[in-house]
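Structure, as structure tokens:
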Amino acid sequence: MNELKKITNLVEEELIKFEINNEIDARYSNFNEDTDIQINDLIKIKKDKNFNEIVNSIKEKFRNSNFIESFEIVDSGFINIKLSSTFLEESLQNHKKNILKKNVVEKGTVIFDYGGANIGKSLHVGHIRTLNIGRSLANIYKMAGYKTITDIHFGDWGMPLALIIAYIEDKNIDIETLSSDDLEEIYPNASSLSKENEEFYSKALNISKEMNLKNEYRISQWQKIYDVSTKNIKSLLSDLDFNFDYYLGESDVISLLPDFINNLKKKTLVKIDDGALIANDNQDPPALITKSDGSYMYLTTDIGTILYREKNFSPDYYIYVVDQRQKNHFKQLFKLVDYFKLSKSKFEHVPFGTVNDEKGKPMKTRDGKNYKLIELYNDLINKLSENNLDSAIVSTLAKSVLAYSDLVTKRTSNYIFDIDKFTNVSGKSAIFIQYSQVRAKKLIAQSHVESRLSVIGNDERKLVIEILKFNHFFKMALETNEPHHLAEYAYSLCHEFNKFYTNNKIFSEDINEDLKLHRLCIVEIFYQTITKVFNCLGIEPVSEM
RNA sequence: GCUCUCGUAGCUCAAAUGGAUAGAGCAACAGACUUCUAAUCUGUAGGUUGUAGGUUCGAGUCCUACCGAGAGCGCCA
């Protein structure tokens with residue numbers, strides 16, 4: 001339960017006496033020095049004939065509450081409350097229990113589709129959004145009590161693969177000795193060739209069709225490309241701590257499609273239009289199920305994926321962490337889920353903005369190619385290596401920068417990627433929160449006696465209140481699918497801790513034993529909380545720095 | 001042309017689903033290390049929240065119009 005509910009209950013109980021059933025909301029506030037929380041809802045009943053009586057009744061209640069140290073009810077109707085030490089202590093103890101609780105599955109199953117990796121294409125800076133947001137949300141949902149399943153959903157079928165095969169044949173490239181670096185060069189070349197050379201394009205179209213018909217030779221070519229590319233992508237993702245429960249792809253679901261499509265035809269849920277098969281549900285633009293040559297498209301494989309997931313996972317909730325430019329695609333897909341009766345589960349597209357360069361265009365390097373994820377990672381390693389640290393710690397720090405610098409920005413904004421800001425080691429950064437966490441860890445390690453909480457004084461209360469805000473931001477991140485709320489919170493929590501650290505010594509001669517153990521207890525709870533936040537964000541705390 | 005998203009400090013971004021005085025970081029300037037890690041902390045300066053209206057006790061947030069930016073609109077994914 002939200003600890004502030006104790007306060008709002010007091011107000012609600014009084015209102016009920018006057019037959020008012022409004023739900024009261026309390027929020028943390030920095031209105032002034034004497035205000036920890038504010039309640040705004042009284043304004044709504046200001047016209048009530050008993051208003052003055054209600055106010056007096058609430059005042060009386062507050063005076064008798066040991067949760068409230070002081071309060072005021074101003075004329076405009078705001079209630080400003082300073083919380084008592086008793087309240088803070090109790091809440092902090094509850095918070096600690098809550099945070100140390102193991103994840104228990106008590107809600108439904110949610111499947112996360114994120115990562116956006118495509119066979120034959122290198123992971124580039126644009127991929128960090130789906131990877132970070134997806135991983136973070138999966139962690140958050142897990143903590144919230146859901147069973148989570150993560151699936152990268154490889155783009156490993158259709159025209160891109162056909163283009164690669166066509167190009168390999170066209171240029172007589174030896175498929176047996178193909179490397180992933182070769183593939184990364186081949187795809188852009190094949191793609192541009194298909195745009196200028198019609199003959200090449202129709203060749204690829206034909207290969208795509210042959211793949212769908214399970215032509216043995218094509219499948220064997222496909223398999224070789226698939227093996228080389230997925231091995232490379234998986235290993236990079238694993239190095240960067242992006243691990244999935246499943247590495248399934250479009251290719252895993254196509255076998256489910258022929259029967260399904262035949263069934264749709266029988267039920268006349270689809271019809272031929274301009275030679276192509278479209279859904280018969282009058283969507284505008286129409287939902288294209290197969291091309292006029294019968295081969296599958298984006299929607300087709302996504303439908304197949306739902307069939308697969310229903311059969312193998314039966315999730316209650318589907319979350320797709322995919323670029324917001326594909327909004328219409330998901331709108332169509334979700335309409336088809338109902339129209340074709342694919343599933344009764346909840347479907348949600350969690351869109352995000354593009355990562356742009358300083359001119360506002362999607363991120364590229366100077367020569368016009370994509371800035372690869374591995375390059376960014378190496379650049380970070382180089383930058384952080386300047387301080388003589390163990391290489392394992394440097395790589396963990398680099399990975400935390402990769403996550404944090406991306407996750408501080410609201411999901412939907414198209415943000416401008418700036419390497420200097422991204423790798424910033426002071427201010428609001430991964431390095432800052434890692435440093436704070438290390439400081440706390442070091443303090444805890446120095447103590448050999450069990451800490452214990454006592455009266456929360458003025459020196460500790462700001463930090464304590466900041467710690468208590470965890471619930472709010474966690475819930476906010478969960479409800480809006482926005483990890484940045486927790487990333488912002490990580491900064492303000494650490495900032496509050498660093499202030500505390502600077503101004504209040506613990507292992508100092510003038511600090512008595514009680515106060516020492518009391519402060520250590522708060523530091524411990526800070527540490528447990530920030531560790532939890534790290535976990536939510538997909539960041540691993542370093543041991544030292 | 002239609003649809004969607006966005007416009008906040010010099011720059012990059014927040015802002016509790018409508019609350020009081022719009023906050024951070026960077027950059028600038030000024031301070032704090034004989035004291036648990038200064039990758040830290042403190043202070044100064046910086047704003048008519050694109051413009052004009054509207055809704056109400058109250059608007060960065062909701063509505064309308066306009067200006068500006070970006071994205072998407074049938075056989076790519």
message: Return a single string for nucleotides 28-39 of chain B, one symbol per nucleotide in 5' to 3' order, where B is base contact, S is sugar-phosphate-only contact and - is none, cutoff 4.0 angstrom on heavy atoms.
response: -------BBBSB

statement: Quick tally for nucleotides 71-77 of chain B: nucleotides whose base has a protein heavy atom under 4.0 Å get B, sugar-phosphate-only ones S, the rest -, giving SS-BBSB

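Glycosidic conformation of B/U51 is anti; the angle lies outside 90° of 0. Glycosidic torsion of B/C4 falls outside 90° of 0, placing the base in anti.
Within 4.0 Å of A/Asn356, counting heavy atoms only, lies no atom of the nucleic acid at all.
Put simply, A/Ser492 has no side-chain N or O that comes within less than 4.0 Å of OP1 or OP2 on B/A14. Not one side-chain nitrogen or oxygen of A/Lys421 sits closer than 4.0 Å to the OP1 or OP2 atom of B/A27.
Residue A/His349 contributes atom NE2, which lies 13 Å from atom P of B/U5 at whole-angstrom precision. One can place OH of A/Tyr415 at 17 Å from C1' of B/C6, the figure rounded to the nearest angstrom. Atom NZ of A/Lys327 and atom C1' of B/C6 are 11 Å apart (whole Å). Atom-to-atom, NZ of A/Lys428 to P of B/U40 comes out at 14 Å; the value is rounded to the nearest Å. For the pair A/Ile45 CD1 and B/C57 C1', the interatomic distance rounds to 14 Å; values are reported in whole Å. Distance NZ (A/Lys46) to P (B/G58): 12 Å, rounded to an integer number of Å. At whole-Å resolution of the value, OH in A/Tyr491 and P in B/A15 are 16 Å apart. One atom, CG of A/Asp459, and another, C1' of B/C41, lie 15 Å apart when rounded to the nearest Å.
Here the two rings, on A/Tyr320 and A/Tyr114, have centers that are 6.0 Å apart or farther. The six-membered or imidazole ring of A/Tyr28 lies away from that of A/His472, with a centre-to-centre distance of 6.0 Å or more.
Every ring pair (Phe, Tyr, Trp, His ring centres under 6.0 Å) that A/Phe71 has, sequence neighbours left out, goes to A/Phe62. Every residue two or more places apart in sequence or in another chain that forms a salt bridge (Lys or Arg N to Asp or Glu O under 4.0 Å) with A/Lys44 is listed here: A/Asp41. The ring pair (Phe, Tyr, Trp, His ring centres under 6.0 Å) test applied to A/Tyr489 returns A/Phe473, not counting sequence neighbours.
The two residues A/Leu376 and A/Tyr371 have their closest heavy-atom pair at CA-OH, 3.6 Å.
For A/Ile37 and A/Lys499, each mapped to the nucleotide of RNA chain B holding its nearest heavy atom, the one lying further toward the 5' end belongs to A/Ile37. Two residues, A/Asn32 and A/His495, neighbour RNA chain B, and the one matched to the more 5' nucleotide by heavy-atom proximity is A/Asn32.
When the P atom is compared between B/U5 and B/A9, the two are found 22 Å apart, to the nearest whole Å. Taking atom C1' on both B/A14 and B/G60, the two are 12 Å apart, rounded to the nearest angstrom. To the nearest whole angstrom, the two C1' atoms, one in B/G50 and one in B/G68, are 7 Å apart. Comparing the same atom, P, in B/A38 and in B/U21 gives a spacing of 39 Å after rounding to whole Å. Atom name P, nucleotides B/C11 and B/A27: the rounded distance is 16 Å, in whole Å. A gap of 10 Å separates the C1' atoms of B/U49 and B/U61, to the nearest Å. Nucleotides B/G54 and B/C41, compared at atom C1', are 47 Å apart to the nearest Å. Spacing of P atoms, B/G70 relative to B/A32, comes out at 48 Å, to the nearest Å.
For residues 190-208 of chain A, the salt bridge (Lys or Arg N to Asp or Glu O under 4.0 Å) pairs, not counting sequence neighbours, are A/Glu169-A/Lys203. Under the salt bridge (Lys or Arg N to Asp or Glu O under 4.0 Å) criterion, the residue pairs touching residues 514-529 of chain A are A/Arg452-A/Asp514, A/Asp459-A/Arg519, A/Glu460-A/Arg519, A/Glu513-A/Lys516, with sequence neighbours excluded. Pairs engaging residues 274-301 of chain A under the salt bridge (Lys or Arg N to Asp or Glu O under 4.0 Å) rule: none recorded [sequence neighbours left out]. Identified under the salt bridge (Lys or Arg N to Asp or Glu O under 4.0 Å) test for residues 296-306 of chain A, with sequence neighbours left out: none.
Ring geometry, A/Phe330 versus A/Phe334: the interplanar angle falls from 30° to 60°, so the pair is classed tilted. Aromatic ring pairs are classed by plane angle as parallel below 30°, tilted from 30° to 60° and perpendicular above 60°; the pair A/His95 and A/Phe470 is perpendicular. In this pair, A/Tyr226 and A/Phe154 present their aromatic rings perpendicular. The plane angle is above 60°, beyond the 30 to 60° band.
Salt-bridge formation is not detected for the pair A/Lys442/A/Glu544: no Lys NZ or Arg NE/NH1/NH2 atom is positioned less than 4.0 Å from an Asp or Glu carboxylate oxygen. Using a 4.0 Å cut-off between a side-chain N of Lys or Arg and a carboxylate O of Asp or Glu, A/Lys462 and A/Glu496 do not qualify as a salt bridge. Taking a cutoff of 4.0 Å between a charged side-chain nitrogen and a carboxylate oxygen, A/Lys271 and A/Asp273 do not qualify as a salt bridge.
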Quick test: give all pairs of protein nitrogen or oxygen and nucleotides 17-19 of chain B nitrogen or oxygen below 3.5 Å, distance rounded to 0.1 Å.
| from | atom 1 | to | atom 2 | distance (Å) |
| --- | --- | --- | --- | --- |
| B/U17 | OP1 | A/Arg27 | NH2 | 3.1 |
| B/U17 | OP2 | A/Arg27 | NH2 | 3.4 |
| B/G19 | OP2 | A/Arg27 | NH1 | 3.2 |
| B/G19 | O2' | A/Gln38 | NE2 | 3.2 |

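Using a 4.0 Å cut-off on heavy atoms, the residues of residues 482-489 of chain A that approach RNA chain B are A/His484, A/His485, A/Glu488, listed by number.
Exactly one of A/Ile303, A/Thr290, A/Leu277, A/Leu288 qualifies for a side-chain contact (heavy atoms from CB on, under 4.5 Å) with A/Met297. That residue is A/Leu288.
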Dot-bracket summary - RNA chain B, pairs being Watson-Crick or G-U whose distances fall under 3.5 Å, with | when paired to another strand: (((((((..((((.....[...)))).(((((.......))))).....(((((..]....))))))))))))....

task: Please step through side chain to side chain contact (heavy atoms under 4.5 Å, CB included) for the pair A/Ile539 and A/Gln434, ending with a clear verdict.
output: CA-CA 9 Å; A/Ile539 297 175; A/Gln434 286 279 19; 3.7 Å; yes

